[in-house]
Amino acid sequence: MDLYRFLKPRTVAIVGATEKEGFAGGTCRNIMKYSRNLDNVYFVNPNRDSVFGKKCYDSLEDIEVDIDTVVIGTPKKTIPAMLYQAKDKSAAGVVVYASGYSEVRTEEAIADEQELVDICRELDLCLMGPNCCGFANYIDDKYCWAIQHPDRNRKGKVGFVSQSGQICMSLMDSPNMTFSYCISCGNSKVVSEEEYINFLVDDEDTKVVAIYMEGVGDPRKLECCFRKAALNRKPVIVLKAGKSERASAIAASHTGSMSGSDAAFDAIFKKYGIIRVDDMQELIGTSLLFADTRAFPDKRCNYAVVCLSGGETAICADEGYKIGLNYADFEEETVEKLKGLLPFYASPRNNPLDITATPAYQPEVLAETLLAVLNDKNVDMVLLGFTLMDEIVDNSFYIMFDGIKLALEKSKKPFACLNFIEMSRNADLVSRFTELGVPILPCTKYAFECLKHLDEFVTYDPSERTLNLAIPENKLNGRKALSEFDSKKMLIEGGIDIELGIVAKTPDEAVRAADQLGYPVAAKIESSEILHKSDVGGVKLGLKNEEDVRRAFSEIIDNVSANAKGAGYNGVLIQRMAEKSTELIIGVNSDPQFGPMILVGLGGIFVEVFKDAALYPAPLNKSEALEMIYSLRSQKLLTGYRGQESCDLEAIADVIVEVSDFAVRNKDRLIEMDINPLYVYPKGKKPAVIDALVIIDE
């Protein structure tokens with residue numbers, strides 16, 4: 001399939017061209033309104049001589065030239081025949097607006113869609129849709145788009161692809177959003193959303209890739225897209241639906257219950273430096289910040305905020321604090337320059353800085369003020385409080401623009417304007433700022449979220465990451481839990497250092513095992529059918545002598561017989577007691593699409609209480625493992641809080657990497673795994689695996 005020729009066509013034909021309301025008529029209206037050159041656009045309708053004054057052909061075959069992209073706006077029953085006609089005209093692909101396919105979930109509708117898919121694959125045709133709104137290519141002035149929108153210039157640098165046509169429509173209705181491409185991919189049964197993303201990642205005219213995502217059709221293609229974007233440092237911004245908790249109801253391990261599908265997406269995004277936003281306003285603001293800024297900082301920013309009033313500076317101070325932005329301390333030289341430029345009642349040491357309204361009417365003074373801040377060595381990016389509105393009645397807006405332009409001619413540092421109220425903006429001034437490379441940020445709450453994303457992006461280093469996934473070859477269906485002994489045995493065989501213990505079937509065997517291992521010991525029911533042993537009285541700890549062991553053995557068997565009736569068991573596992581210490585959990589849960597996800601968190605009984613855990617896709621390296629540890633809210637317990645001795649974080653990271661390697665080697669059979677608890681100790685003493693549970697695909 002030639003997706004490039006499909007999305008960047010030289011020639012376009014609209015089948016079913018009409019002046020009536022609807023998708024076909026809307027496409028014709030868009031083409032007539034926005035296209036600079038109509039010579040390479042062809043309308044097809046055997047019942048019309050012309051549409052909007054443009055000639056209509058009776059059929060595709062009557063057109064004198066080959067067609068790259070065919071937009072089909074005719075009823076569903078006509079579409080299969082149209083696909084063959086499109087191929088006869090050497091088309092690269094077709095846009096199918098019609099609905100009533102797999103989205104309605106009837107057998108007939110699903111079969112109809114499969115017919116389209118089979119034909120397109122037979123003919124090597126790209127298929128956008130069915131059940132879509134089409135696409136708009138603003139770079140090449142190609143409008144295969146069905147919906148009418150207010151008349152304005154939307155050309156920009158954001159390539160947007162969406163599984164929802166309505167989301168595309170809403171963004172195109174926004175008075176602020178601009179695009180290189182806007183793609184409504186619909187059911188995506190031939191060309192997947194991931195392939196459109198890949199096109200945008202490769203596209204030189206697209207500076208930022210923005211995505212509305214409901215699910216993933218091809219995780220391997222998505223992995224390839226994200227890896228390429230990370231290595232090429234192209235920002236990818238995702239609004240992902242489905243944030244609510246959807247942990248599997250059949251998850252048997254702690255890890256399985258804490259790493260539902262949305263948590264897995266968050267982990268994938270973190271691995272590849274993908275920016276996740278929460279709503280459409282944040283999507284617009286973040287996309288335009290990345291698209292319109294003239295330069296990215298080369299490190300996490302120290303910001304300076306310049307406002308025209310004390311109220312605005314106070315708002316910025318609070319919002320920046322809440323989001324965790326760094327505000328620069330001005331150098332003395334900067335403070336002295338500002339004293340000479342600002343009114344005596346200004347406070348030039350403050351950042352955010354209130355320069356008062358006076359410079360708003362003096363472009364040279366404003367330029368020198370901004371330049372003083374821009375030239376400060378402690379400042380990496382400057383924000384100017386500057387609320388644009390649609391109707392400009394005060395000439396100070398243009399005076400301020402002139403001052404900003406003068407300053408930016410003498411400095412290359414990133415600069416953005418910050419709104420305090422969200423509203424429609426003056427198109428002329430927005431255009432001028434865009435040409436300067438100055439993004440217009442949304443109102444403060446969203447603006448500072450956008451800046452946080454910028455900090456995260458510039459500090460992301462792909463060279464420190466493992467940029468691949470351990471995606472299983474087959475779907476993991478069956479579930480078989482291993483006993484603790486068998487789980488530990490499998491982990492040992494996988495390269496993880498664990499004390500295995502000895503399974504005893506009688507009290508005498510238990511005593512011999514304890515004598516061999518050395519007191520004190522622990523005794524635990526050994527069963528693949530009892531996964532949470534302490535819940536049924538199946539654990540006895542701190543056994544110091546033969547009498548303790550014999551009593552513990554009998555009590556465990558009695559408890560299990562009473563509290564886990566019918567459960568089979570292999571005996572009692574005798575294990576040498578480890579020195580009590582801080583408890584962690586290290587686990588694995590195999591995501592159905594992305595494969596094993598590694599979980600690290602506070603362990604023991606606290607894992608479900610506090611749910612303080614970090615999740616990350618396998619494989620991972622030691623740097624990524626340490627990042628997981630430091631991301632925990634409870635990491636202070638590991639780093640020597642209030643005089644406590646610090647745990648050996650390097651040793652913990654080594655275990656995490658070993659677990660990741662084990663998960664990768666077993667990606668086609670491992671469903672879940674818990675090491676819980678893992679006792680961790682000060683430097684020089686290896687962590688100890690106390691309990692383990694492995695669940696595999698039968």
Side-chain angles (χ1 to χ4, degrees), residues 6-45 47-57 60 63 65 67-74 91 93-98 128-129 132-162 164-186 205-206 284 288 291 390 424-428 430-431 434-435:
F6 175 54
L7 294 176
K8 297 178 75 68
R10 293 165 300 172
T11 52
V12 175
I14 315 302
V15 178
T18 180
E19 295 179 7
K20 295 179 181 179
E21 297 294 330
F23 277 28
T27 305
C28 295
R29 285 182 173 83
N30 283 329
I31 286 171
M32 298 303 294
K33 180 188 292 187
Y34 294 117
S35 293
R36 293 187 297 271
N37 179 9
L38 293 172
D39 292 343
N40 292 325
V41 177
Y42 300 87
F43 288 171
V44 177
N45 188 333
N47 301 315
R48 296 291 302 267
D49 293 329
S50 66
V51 168
F52 297 118
K54 184 172 176 60
K55 175 184 176 180
C56 266
Y57 292 80
L60 282 171
I63 300 173
V65 298
I67 301 297
D68 294 322
T69 298
V70 177
V71 179
I72 303 176
T74 53
V94 297
V95 176
V96 175
Y97 291 142
M128 182 175 291
C132 72
C133 296
F135 72 93
N137 171 348
Y138 292 97
I139 301 302
D140 302 306
D141 197 34
K142 303 298 181 184
Y143 299 94
C144 304
W145 182 257
I147 309 300
Q148 298 292 286
H149 300 282
D151 188 7
R152 70 175 179 86
N153 179 20
R154 292 179 176 81
K155 184 175 180 179
K157 301 171 184 175
V158 180
F160 181 64
V161 57
S162 171
S164 164
Q166 184 62 52
I167 298 294
C168 288
M169 291 159 56
S170 297
L171 291 185
M172 293 175 83
D173 283 336
S174 166
N176 305 322
M177 189 64 177
T178 57
F179 307 89
S180 55
Y181 297 81
C182 186
I183 300 170
S184 163
C185 57
D205 295 305
T206 297
I284 293 172
L288 294 179
D390 190 8
S424 296
R425 300 167 186 164
N426 183 270
D428 176 56
V430 169
S431 176
T434 301
E435 289 179 11

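Values in this document were obtained by computation on a predicted structure and should not be read as measured data.
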| message | Pair L171, C182 - check side chain to side chain contact (heavy atoms under 4.5 Å, CB included), show working. | response | CA-CA 9 Å; L171 291 185; C182 186; 5.9 Å; no
So which atom in [X] and which in [Y] form the shortest heavy-atom distance, rounded to 0.1 Å?
| X | Y | value |
| --- | --- | --- |
| S174 | I284 | OG-CD1, 3.7 Å |
| C132 | S184 | CB-O, 3.2 Å |
| R154 | H149 | NH2-CB, 3.1 Å |
| T11 | I67 | OG1-CA, 3.2 Å |
| T178 | K155 | CB-O, 3.8 Å |
| V161 | C185 | CG2-SG, 4.3 Å |

| request: Examine Y143 together with F135 and report whether their ring centres are nearer than 6.0 Å. | output: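 No, the ring of Y143 stays outside the 6.0 Å limit from the ring of F135, centre to centre.
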Interatomic distance, [X] atom [atom1] to [Y] atom [atom2] [nearest 0.5 angstrom]:
| X | Y | atom1 | atom2 | value |
| --- | --- | --- | --- | --- |
| D205 | I139 | CG | CD1 | 4.5 Å |
| C144 | I31 | SG | CD1 | 6.0 Å |
| S162 | I167 | OG | CD1 | 6.0 Å |
| F6 | M128 | CZ | CE | 4.5 Å |
| N45 | K55 | CG | NZ | 14.0 Å |
| I14 | Y42 | CD1 | OH | 12.5 Å |

| Partners meeting side chain to side chain donor-acceptor pair (under 3.5 Å) with T434 (sequence neighbours left out) |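 Counting only residues at least two positions away or on another chain, T434 forms no side chain to side chain donor-acceptor pair (under 3.5 Å).
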Residues that [X] engages under salt bridge (Lys or Arg N to Asp or Glu O under 4.0 Å), provided they are two or more places apart:
| X | answer |
| --- | --- |
| E435 | none |
| R425 | E422 |
| R36 | D141 |
| K157 | none |

| said: If the threshold is 4.0 Å, N to carboxylate O, is there a salt bridge linking E19 and K54? | reply: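 Here E19 does not pair with K54 in a salt bridge, since their nearest N and O are not under 4.0 Å apart.
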| query | Run the side chain to side chain contact (heavy atoms under 4.5 Å, CB included) check on N40 and D68 step by step: do they pass? | reply | CA-CA 10 Å; N40 292 325; D68 294 322; over 6 Å; no
| query | Does the pair L7 and I183 meet the rule for a side chain to side chain contact (heavy atoms under 4.5 Å, CB included), with working shown? | reply | CA-CA 9 Å; L7 294 176; I183 300 170; 4.2 Å; yes
| request: Using atom types as modelled and distance alone, determine if a side-chain donor or acceptor of D173 lies under 3.5 Å from a backbone N or O of P150. | output: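 Side chain of D173 to backbone of P150, a donor-acceptor pair under 3.5 Å: no, none is there.
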| Is it true that a side-chain atom of S170 and a backbone atom of Q166 form a donor plus acceptor pair closer than 3.5 Å? | yes
| Quick check: are there more than 12 heavy atoms from other residues, nucleotides or ligands sitting under 6.0 Å from CG of D49? |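 Check fails, neighbour count at 12 or below.
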| remark: side-chain hydrogen bond (donor to acceptor under 3.5 Å, both in side chains) with K8: of T69, D140, N137, only one passes, and it is D140
| said: Just by distance, no angles: are the side chains of Y181 and K142 close enough, under 3.5 Å, to form a donor-acceptor pair? | reply: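 Note: Y181 and K142 side chains miss the donor-acceptor criterion.
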| Mind checking whether D151 and Y34 have side chains closer than 4.5 Å, heavy atoms only? | yes
| Below 4.5 Å, heavy atoms only, C-beta onward: do I63 and V44 meet side chain to side chain? | yes
| In chain order, what residues pass the ring-ring contact (aromatic ring centres under 6.0 Å, His included) check against F43, with sequence neighbours excluded? | none
| Should the ring pair F23 and Y97 be called parallel, tilted or perpendicular, given that the plane angle runs from 0 to 90° and is split at 30 and 60? | perpendicular
